[in-house]
Number of protein chains: 2
Amino acid sequence: MGISTQTMNKSDIKLIAVLERTGGFASAQELHQILRREGDGIGLTTVYRALQSLVDDKIVDLLRREDGEAIYRLCGDTHHHHLVCKSCGDTVEIEGGAIEKWAKTMAEEFGFRDVGHTAEIFGICSKC
Amino acid sequence: MGISTQTMNKSDIKLIAVLERTGGFASAQELHQILRREGDGIGLTTVYRALQSLVDDKIVDLLRREDGEAIYRLCGDTHHHHLVCKSCGDTVEIEGGAIEKWAKTMAEEFGFRDVGHTAEIFGICSKC
DNA sequence: TCACAAAATGAAAATGATTATCATTTCCAA
DNA sequence: TTGGAAATGATAATCATTTTCATTTTGTGA
Ligand SMILES: [Zn+2]
Ligand SMILES: [Zn+2]
Ligand SMILES: [Zn+2]
Ligand SMILES: [Zn+2]
């Protein structure tokens, strides 16, 4: 099913589980703390390794906090963007139809090829 | 003229000058090396301080390399986005009319307030 | 010009995330 | 069962960035 269920090991699955439970974005350090708190003795190194492999397999999203720290989130397999609450971290996956068109148009206009893009919206959610 | 020409000191001006000369994005470490190579004995701490104040004053843009390292670029004072060449680093500032609208629409739809956004396009430029 | 406080500077140490090492343990197929 | 490959995690190493703090520069009023 998954892109590489073959290469998925116990740690990968643990990380997927904790990401499912927590929902939003979390850093490697935070995920490690959560697992530790729950009694899992997993090492920080392994957390980093698992996250890296999940990112490689496109099973989790990696983006950056404002201070540059990497944060991870389980994500669907279709291309999408995020609406993130700056206060509580709640995240909504949204479509970016307008963005896709914009990126393509701009790339063409300036003669760029092989283009990708990033687009995130952040603000304060209704609960906060 | 500028937002805070009053608070602009010698180091700020040096950094602006080197950013003008180099054109694209560069990290604090790179800018420091360039200045050193040119015979300027400026300290790394001062480079960081100057960049920080220039970012605060909206005189330079701060964004992140894929590995999270902060990179800086002199920029106009109007809100804009970037089209960056993954190969040579060349950057074009572009308007994001479509993005602005998209961000606003999505934020409203999900009840977010006080929203901002980021959007970058990256690819290979025509020269590369 | 002189004195002196505020601002600027930079060397060195501290911090904090991420990565590299490497010895040990767990898996698994032959 | 067994030998080697994969996985694990403690520890050390990296590396960008921030803090500290002592020194230097700058500006201003006497
Ligand atoms: Zn919220
Ligand atoms: Zn998109
Ligand atoms: Zn290029
Ligand atoms: Zn915009």
[atom1] of [X] versus [atom2] of [N]: gap in Å, rounded?
| X | N | atom1 | atom2 | answer |
| --- | --- | --- | --- | --- |
| A/Leu44 | C/dG16 | CG | C1' | 11 Å |
| A/Arg65 | C/dG16 | CZ | C1' | 13 Å |
| A/Ile13 | D/dA7 | CD1 | P | 12 Å |
| A/Gln52 | C/dA17 | CD | C1' | 14 Å |
| A/Glu69 | D/dA16 | CD | P | 17 Å |
| B/Asp67 | C/dA17 | CG | C1' | 12 Å |
| B/Arg49 | D/dT20 | CZ | P | 12 Å |
| B/Ile42 | D/dT24 | CD1 | P | 18 Å |

Worksheet item: So, does A/Thr46 use its side chain to make a donor-acceptor pair with the main chain of A/Ile42 at under 3.5 Å?
Response: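 Not at all, since once roles are kept as given, no pair shorter than 3.5 Å links the two residues.
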If the cut-off is 4.0 Å, is [X] near the phosphate of [N], judged by side-chain N/O to OP1 or OP2?
| X | N | value |
| --- | --- | --- |
| A/Asn9 | D/dT8 | yes |
| B/Ser11 | C/dT9 | yes |
| B/Lys10 | C/dA7 | no |
| A/Tyr48 | C/dT19 | no |

Worksheet item: Relative to the 5' end of DNA chain D, which residue comes earlier, A/Lys14 or B/Gln29, by the nucleotide with the nearest heavy atom?
Response: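 Per heavy-atom nearest nucleotide, the more 5' residue is A/Lys14.
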Practice prompt. Please tell me which of the listed nucleotides, C/dT18, D/dT17, D/dT19, lies nearest to the side chain of B/Thr45?
Written response: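 That would be D/dT19.
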Item to complete: Can you figure out which of C/dT18, D/dT17, C/dA11 approaches the side chain of B/Arg36 most closely?
Response: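 Ranking C/dT18, D/dT17, C/dA11 by closest atom to the B/Arg36 side chain puts C/dA11 first.
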Worksheet item: Which part of the nucleic acid, if any, lies within contact of B/Gly68, taking any heavy atom under 4.0 Å across all strands shown: a base, the sugar-phosphate backbone alone, or nothing?
Response: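 It contacts nothing in the nucleic acid.
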Discussion item. When you compare the side chain of A/Tyr72 with that of A/Val55, does any pair of heavy atoms fall below 4.5 Å?
Written reply: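 Yes, their side chains come closer than 4.5 Å.
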Worksheet item: Quick one: are B/Leu74 and B/Glu20 in side-chain contact, heavy atoms under 4.5 Å?
Response: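 Side-chain contact under 4.5 Å: yes.
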Practice prompt. Would you please test B/His81 and A/His117 for side-chain hydrogen bond (donor to acceptor under 3.5 Å, both in side chains) and show each step?
Written response: CA-CA 11 Å; B/His81 298 267; A/His117 62 268; over 6 Å; no
Fill in: Nearest-nucleotide 5' precedence on DNA chain C, B/Asp40 against A/Arg64
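Upstream on the strand: B/Asp40.
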Worksheet item: Judged by modelled atom types alone, do A/Ser27 and A/Glu69 share a side-chain donor-acceptor pair under 3.5 Å?
Response: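 Yes - a donor-acceptor pair under 3.5 Å links their side chains.
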